[in-house]
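Working notes, structure below.
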Amino acid sequence: MTVNVPAAPTTTELLGRPVRSLPPATRKPVPRPERGSSPREGQRVRPLTRRQIEDHLQELGDLYAETSGGGPWAWNQARSAFLRRLATDARRPGFELLIAETTVLTGCAYGFPVRGDGPWWEGFDGYLPGRLLRLAASGRLFVISGIHVPSRARRQNQDRPWNLARRLQKRLLTDHGAAVAVTLVKRSDHRTVEALRSWGWRYMEGDTPRTAPLGPFRVLVLDT
């Protein structure tokens, strides 16, 4: 799984002029604002066909580099590696890539269904418990192999249904009628785990630091 989670920028405190309080009898109740504006505003989510993906590779690579927070390195080696992984995933049966856009590309997420008789995603055969294997056999298990969104989708309103990352991952599952999404995350990639868990992902039941299978990856799942 690749999730672009750049470090949060430092914030500045905005100070305004003090306002004289009204007497209790004339003070009017002030409605509490919603916790941030909805990313739904102005952002359309739609799938790309394989041909459209090929046509948008430049933009998708730019989106990855711009949201990765990796500095100049993300514009060469990391960007190229991302495009190679995307091209590999795009050849899998049932692959889908969703983009979010305004007048420009603002985010994307992609993945593919895992079936009991089909090819496995790298390393999955040693990680999935019987319950998920049965879901794969029924065609209701979906791998989400990448989510790339602006840093505000990680820092702000992670629990809101209109959070951009949540919208993208839910749409992928809905489009494929999947019951559970699954992904592999490197054990050392704590920032990706933190981001995924803020969007509703969880460790597999019974997965603790003591009981987790040995290996370079951890498995996270997302229920519909």
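Side-chain atoms are counted along with the backbone in the values below, which use heavy atoms only and exclude waters and symmetry mates. Everything numeric in this text was worked out from a predicted model, so none of it was measured.
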Point to revise | Geometric cation-pi criterion, Arg187 with Phe217: 6.0 Å, 45° | key: no

Review point. Quick one: are Leu220 and Val182 in side-chain contact, heavy atoms under 4.5 Å?
Key: no

Check your understanding: For Ala165 and Ile147, which heavy atoms make the closest approach, and how far apart are they?
Key -> CB-CG2, 4.2 Å

Study note, to complete from the structure: Minimal heavy-atom distance between Leu135 and Ser138, with the atoms involved, is O-OG, 2.9 Å

Review point. Listed by chain and number, what are the salt bridge (charged side-chain N to carboxylate O under 4.0 Å, His left out) partners of Glu194, not counting sequence neighbours?
Key: Arg154

Point to revise | Non-hydrogen atoms of Pro113 and Pro93 that approach each other most closely | key: CD-O, 3.6 Å

Exercise for review: Rounded to the nearest 0.5 Å, what's the gap from CG on Asp55 to OG1 on Thr49? Could you check?
Suggested key: 7.5 Å

Exercise for review: Show your working on side chain to side chain contact (heavy atoms under 4.5 Å, CB included) between Leu63 and Cys108 and close with a plain yes or no.
Suggested key: CA-CA 8 Å; Leu63 173 70; Cys108 74; 3.8 Å; yes

**Study point:** Ser188 side, atom OG; Arg218 side, atom CZ - distance, nearest 0.5 Å
**Key:** 12.0 Å

Exercise for review: For side chain to side chain donor-acceptor pair (under 3.5 Å), just list the numbers for Thr106 and Gln43, CA-CA rounded to whole Å, side-chain angles, deciding distance to a tenth of an Å, and then say yes or no.
Suggested key: CA-CA 8 Å; Thr106 60; Gln43 295 198 44; 2.9 Å; yes

Review point. Any side-chain heavy-atom pair from Arg202 and Val221 closer than 4.5 angstrom?
Key: yes

Review point. Just by distance, do the side chain of Asp223 and the backbone of Val180 share a donor-acceptor pair under 3.5 Å?
Key: no

Review point. What pairs with Arg51 under salt bridge (charged side-chain N to carboxylate O under 4.0 Å, His left out), at least two apart in sequence or on another chain?
Key: Glu54

Exercise for review: Taking salt bridge (charged side-chain N to carboxylate O under 4.0 Å, His left out) as the test, write out the residues that go with Asp175, two or more places apart.
Suggested key: Arg171

Review point. Between Tyr110 and His148, is the gap from one ring center to the other below 6.0 Å?
Key: yes

Check your understanding: What distance separates His176 NE2 from Glu96 CD, expressed to the nearest 0.5 Å?
Key -> 4.0 Å

Point to revise | Euclidean distance, Leu196 CG relative to Thr183 OG1, rounded to 0.5 Å | key: 6.5 Å

Check your understanding: Between Arg50 (side chain) and Ala90 (backbone), is there a donor-acceptor pair under 3.5 Å?
Key -> yes

Review point. Between Thr192 (side chain) and Asp189 (backbone), is there a donor-acceptor pair under 3.5 Å?
Key: no

**Study point:** Side chain proximity check, Val193 to Tyr203, heavy atoms < 4.5 angstrom
**Key:** yes

Review point. Do Leu222 and Gln169 have side-chain heavy atoms sitting under 4.5 Å apart?
Key: yes

Practice item. Please determine if Arg79 forms a cation-pi arrangement with Tyr64, meaning its NZ or CZ atom is less than 6.0 Å from the six-membered ring centre and no more than 45° off the ring axis. Key: no

Check your understanding: What's the verdict on side chain to side chain contact (heavy atoms under 4.5 Å, CB included) for Leu98 and Arg46, showing C-alpha distance, side-chain angles and the deciding distance?
Key -> CA-CA 5 Å; Leu98 295 173; Arg46 65 182 178 94; over 6 Å; no

Exercise for review: Please report the shortest heavy-atom distance between Gly107 and Leu168, naming the atom on each side.
Suggested key: C-CD1, 4.4 Å

**Study point:** Least distance between heavy atoms, Ala181 atom then Ile144 atom
**Key:** CB-CD1, 4.0 Å

Practice item. Please test Leu97 against Asp89 for side chain to side chain contact (heavy atoms under 4.5 Å, CB included), starting from the C-alpha separation and ending with a verdict. Key: CA-CA 10 Å; Leu97 183 144; Asp89 281 353; over 6 Å; no

Study note, to complete from the structure: One should read off an interatomic distance between Leu164 CG and Trp199 CH2, to the nearest 0.5 angstrom, of 9.0 Å

**Study point:** Any side-chain heavy-atom pair of Thr67 and Ser151 under 4.5 Å
**Key:** no

**Study point:** Side-chain donor or acceptor of Asn157 paired with backbone N/O of Arg160 under 3.5 Å
**Key:** no

Check your understanding: Going by heavy atoms in the side chains, are Ser145 and Phe112 under 4.5 Å from each other?
Key -> yes

Review point. Hey, is the main chain of Gln158 close enough, under 3.5 Å, to the side chain of Arg166 for a donor-acceptor pair?
Key: yes

Review point. If you measure from CZ on Arg91 to CG on Leu86, what distance do you get to the nearest 0.5 Å?
Key: 10.0 Å

